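Notes follow the structure.
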Amino acid sequence: MIAHVLLPLPVDHGFDFLVPAALAAEIAVGRRVKVRFTGRDRTGIVAAVAAESAHPGELEPVLAVYPAPAFSPAALEFALEVARDYLAPPGVAVNRILPHRVAAQPRERHFCLAVDLTTAVAALERMTRAPRQAAVMRALLAATTPLSPGQLRAALGDVGRPLARLVELGLVKECGHDRPPSSPAHPLPPEHETQAAWVDALPRSGTALVYARRRYAGYARILRERLTPASGALVLAPEILAATALHRFLARYTPGPIALYHSGLPDGVRGRVWEEVRAKKVQIVVGTRSALFLPFSRLELIIVDDEQDRSYKQDEMLPYYHACTVAENRGTDGLVILGTAAPAVETFQRASQGDIALVRTDNASAVNVRIVDMKGEPSPVSTPLRDALARTLAANGKAIVMVPRRGYFQAVICKQCGRPLRCPHCGVNLAYDVNRAQLVCRVCGRAYSRFACPHCGSRALRFVGAGVERVRDEIVHAFPDARTLLVNGELIARYPDLDLEHAVADADVIVGTPMIAKGGPIPGLRLAAAIGVDALLAVPDFRAAERAYQHLIGLAGRMEDGELIIQTNYPDHYALRSVATGNYELLRENELAAREAFSYPPFARLARIFLTARSPTRRRVDADRISAALAEFGVELLGPSPHPRRAATDFILVKAKDATVLPTACRAARDTGARVEIDIDPDRI
DNA sequence: AGCACGCCGACT
DNA sequence: GTCGGCGTGCTC
Ligand SMILES: [Zn+2]
Ligand SMILES: [Zn+2]
């Protein structure tokens with residue numbers, strides 16, 4: 001017997017191995033196996049089992065078979081289809097998707113009263129000399145479900161001793177739950193019921209763009225009303241934080257167990273969820289894009305929340321897939337919901353052409369938008385913003401300030417000759433880091449202490465582009481009594497378990513990078529401000545204005561009502577006017593016109609071809625070979641230009657006005673033999 | 001991906 | 001003469 005195994009190598013085929021008789025019963029398509037390959041042990045995934053091999057040479061034996069976690073045959077086929085669509089090596093893709101181990105179910109014990117209520121109350125009255133025991137008894141009396149030691153500890157502190165004593169006395173017993181009994185779903189609060197009204201307008205199947213400011217309650221309603229017992233449902237959020245918040249919400253308002261699945265979980269936990277899905281023990285999963293590959297046997301419903309978010313595009317690692325597209329392929333005979341408060345221009349275009357359904361609620365928001373013209377404003381915190389902050393804080397309201405730049409100052413410019421100070425190694429502008437009191441390069445990390453212009457020698461320097469830390473300091477200086485919280489990537493990296501919701505609840509002013517524009521309403525928030533949106537508008541990407549719009553809508557979405565202040569030098573920019581007037585069409589029309597004029601999506605399809613080779617001449621030769629190979633397809637090539645992050649890598653941008661030729665052209669580029677990686681439909685350029 | 005093979009410039 | 005650079009191709 002032969003096993004055809006996909007190894008994690010950048011090749012487009014698998015390798016055959018001999019299945020020893022002892023492993024014949026265990027071998028199965030989708031399982032992970034250990035093999036000896038080129039002198040070392042490796043693991044791969046069985047793509048097929050056959051009687052014989054077409055390989056002429058000797059075959060190595062399969063050394064071990066791992067029954068779990070494993071792909072179901074259908075899940076494997078789907079993963080391979082995605083790899084094929086995105087021109088990724090199948091072995092690389094499937095080995096990345098499948099977790100490696102299955103962690104044991106955490107054996108959380110649960111305790112409940114062992115006696116009836118009257119006996120318990122009588123015992124409690126006699127417990128005057130054992131207050132800890134009494135506290136445990138009271139907690140168990142009040143609880144509607146059994147409690148785990150962890151839950152008791154959270155409420156009462158360390159109660160191991162008193163709990164053990166109560167068990168000894170026969171007042172409390174352990175009840176045999178492996179997992180906490182799923183709490184009965186809470187009814188939706190009335191205000192959520194109205195927010196969920198759009199569910200009635202959904203089609204039965206196909207893809208629907210749900211353009212609604214508030215969507216979570218609707219998702220809970222769909223899960224309650226539309227899910228049949230035999231089917232699975234998948235709910236995606238763009239990032240781990242958002243997935244966790246959505247999971248918490250849906251677990252509260254939906255009956256039955258809901259699993260959480262994302263790449264931040266330990267491998268073993270992911271493996272456990274994977275296997276629970278395969279065994280149909282879990283019907284609903286909330287997660288990030290990697291959850292799309294879970295082995296659901298039937299998937300009637302996929303919800304992609306915040307459809308416009310660029311985190312849905314995998315662009316750091318193969319396969320370079322987009323979660324929305326993959327979701328639509330995955331849920332072909334069910335319902336796929338793309339939910340958003342600020343639709344991607346491309347998605348909305350599909351809806352307006354009738355390719356997908358459009359469900360649009362009245363998105364009028366109670367947020368009042370004010371655009372502040374920054375011409376002549378010396379401080380990054382304008383006078384109108386300062387006044388609004390003072391008013392808000394005086395009225396015990398909360399404020400949030402978004403600054404799209406990290407650190408302290410974006411750049412340092414010579415007052416004498418006007419030129420920016422650059423890193424001599426990388427050529428990029430140097431940023432100022434207050435903590436080190438040095439100029440730092442964001443590309444190579446080098447720091448410099450020489451504060452003088454290399455061109456004219458002048459020591460008169462101007463710091464420009466206030467970053468989030470600088471704005472925070474400015475606000476702390478202006479409002480020393482307010483509790484100010486800085487939220488940036490560094491904070492999340494340093495405290496991965498930080499409960500952001502709690503931290504935010506304790507702050508008066510939250511200053512942060514655009515990550516704070518994601519998420520639901522913050523209680524008590526009355527003022528939101530966007531500082532330096534011009535930096536967002538100036539990003540060299542055809543989607544820059546759309547992204548700025550989406551960030552601003554996201555920021556406004558963190559308030560139920562209140563004021564949004566936008567600081568800009570371009571008060572008439574259509575993206576900002578569109579936010580101010582609540583008129584999405586204004587953004588859409590301007591974007592469509594620009595993209596049609598310059599042949600960008602949705603009027604063309606793009607791909608990036610990465611060329612990796614040590615020598616630049618080699619990359620040049622490859623680039624020439626590719627442009628020769630693509631000549632016949634009538635596509636436009638831009639570049640090659642150096643990759644912004646990866647060393648020894650260039651990329652070519654491919655633009656195809658005919659959407660259907662792009663995959664063919666990309667395949668032709670791959671088959672030139674040049675060492676390439678291809679990113680179809682990139683999300684940033 | 002890793003590793004061997006093989007071909008051309010420049011060094012004891 | 002050999003050493004070592006990397007481009008090419010193969011691994012079940
Ligand atoms: Zn100068
Ligand atoms: Zn540098």
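Note that the structure is a prediction, hence the values are computed from the model and not measured.
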Where chain A begins and ends its contact with DNA chain C, read 5' to 3' at 4.0 Å from heavy atoms
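Terminal contacting nucleotides, 5' to 3': C:dC6 to C:dC12.
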Looking at A:Phe603, I'd like to know if the NZ or CZ of A:Lys657 sits under 6.0 Å from its six-membered ring centre while staying within 45 degrees of the ring's axis.
no
Under 4.0 Å between any heavy atoms, over every strand shown, what does [X] touch: base, sugar-phosphate, or nothing? Just pick one.
X	answer
A:Phe17	sugar-phosphate
A:Val11	base
A:Leu59	sugar-phosphate
A:Arg36	nothing

Phosphate contact (B:dA1 OP1 or OP2) by A:Arg42 side-chain N/O below 4.0 Å:
no
Whether A:Arg547 and A:Asp683 form a salt bridge (side-chain N of Lys/Arg under 4.0 Å from carboxylate O of Asp/Glu) is what I want to check.
yes
For A:Glu300, is there an ion pair with A:Arg298 - N to carboxylate O distance below 4.0 angstrom?
yes
Taking the six-membered ring for Trp, are [X] and [Y] ring centroids under 6.0 Å apart?
X	Y	answer
A:Tyr320	A:Tyr86	no
A:Phe15	A:Phe37	yes
A:Tyr321	A:Phe293	yes

Measure from CZ on A:Arg675 to P on B:dG2 and round the result to the nearest Å.
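These atoms are roughly 11 Å apart.
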